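Read the structure below first, then the notes.
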Amino acid sequence: VSKGLFLNADVKVYDATVGETGTPLYTGSTGASDGKYAFELPEGFSKPLLIIVSAKAGGVSTTLDEISGSTVMPEGFRLCAVIPSEAIVGTTVTGHVTPYTNLMCEVAKNHIGTSNADAAINQARNAVNQATGNMDPLSTDPLGPIPTVQHAMVSNIGICAEATDDAARIQCAVNVLATLIEPIPV
């Protein structure tokens, strides 16, 4: 989990066609030192997933802020990710949770809990991918090399290439990402 590492945070994984009203497929926590979590899906599971990572009550969850250091996550803070069914292979799935996957959740939210969840997730993935200069929000490891989106925002590639300096490119990218908050119509 990354917006800075989320340490000791709650993790719940749901069938995205049912959403948060259903029983979680997994309930656990991120690691206290690495922000990671792991779970196994039931054998034969082939539906899209909704992953929610949230701050635990009592101020025990922290985020490793890249600038200020470790800070307490405010109670109620959460990020999510939605994973399309084709990304699931057997009982294994990689589910990074980042601000970009959270953006996908916002774009697809009207369809979470419906049979249209998979199609909406793929539409949201494509929209975020396009807006970030071809950075796939689901496969980009936030703990790996600098994500493509950061490069796209401050270089001459991507949809903000017309901007004349780094500040203008960053502003352009933020403005484009903000337009994606509008959910896919029902």
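Note that the coordinates shown come from a computational prediction; the quantities given were computed from them, not determined experimentally.
Partners of Glu40 under the side-chain hydrogen bond (donor to acceptor under 3.5 Å, both in side chains) rule, at least two apart in sequence or in another chain, do not exist in this structure. By the side-chain hydrogen bond (donor to acceptor under 3.5 Å, both in side chains) test, Ser54 is found to be paired with no residue, residues two or more places apart in sequence or in another chain being considered. Scored by the ring-ring contact (aromatic ring centres under 6.0 Å, His included) test, Phe39 finds Tyr26 as partners (sequence neighbours excluded). In this view, Lys12 satisfies the salt bridge (charged side-chain N to carboxylate O under 4.0 Å, His left out) rule with no residue, not counting sequence neighbours. For the side-chain hydrogen bond (donor to acceptor under 3.5 Å, both in side chains) test, residues two or more places apart in sequence or in another chain that qualify with Ser29 are Lys56.
Note that OH of Tyr14 is 12.0 Å distant from CD1 of Ile51, once rounded to the nearest 0.5 Å. Going from atom CE of Met104 over to atom CD of Gln123 covers 11.0 Å, rounded to the nearest 0.5 Å. The CD1 atom of Ile88 sits 4.0 Å away from atom CG of Leu49, with the distance rounded to the nearest 0.5 Å. Distance check, rounded to the nearest 0.5 Å: OG1 of Thr63 to CG of Asn8 gives 12.5 Å. With rounding to the nearest 0.5 angstrom, the OG1 atom of Thr71 is 9.5 Å from the CG atom of Leu7. Atom CE in Met73 sits 8.0 Å away from atom OG1 in Thr62 (nearest 0.5 Å).
Partner of Val11 under the side chain to side chain contact (heavy atoms under 4.5 Å, CB included) criterion, chosen from Ile52, Thr27, Val53: Val53. Each of Leu79, Val128, Val107 was scored for a side chain to side chain contact (heavy atoms under 4.5 Å, CB included) with Asn102, with one residue passing: Leu79. When Leu50, Leu138, Val13, Thr101 are each tested for a side chain to side chain contact (heavy atoms under 4.5 Å, CB included) with Ile83, only one passes: Leu138.
Taking both residues in full, the closest heavy atoms of Leu41 and Leu25 are given as CD2-CD1, 4.2 Å, listed atom of the first, atom of the second, then distance. When all heavy atoms are compared, the tightest approach of Val97 to Ala81 is CG2-CB, 4.0 Å. When every heavy atom of Ile112 is checked against every heavy atom of Gly19, the shortest pair comes out as CG2-CA, 4.0 Å.
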Listing, residues 113-122 side-chain donor-acceptor contacts under 3.5 Å, not counting sequence neighbours, or none:
from: Thr114; atom 1: OG1; to: His111; atom 2: O; distance (Å): 2.7
from: Thr114; atom 1: OG1; to: Asn116; atom 2: N; distance (Å): 3.1
from: Asp118; atom 1: OD1; to: Ser85; atom 2: N; distance (Å): 2.9
from: Asp118; atom 1: OD2; to: Ser85; atom 2: OG; distance (Å): 2.4
from: Asn122; atom 1: ND2; to: Glu86; atom 2: OE2; distance (Å): 3.2
from: Asn122; atom 1: ND2; to: Asp118; atom 2: O; distance (Å): 3.3

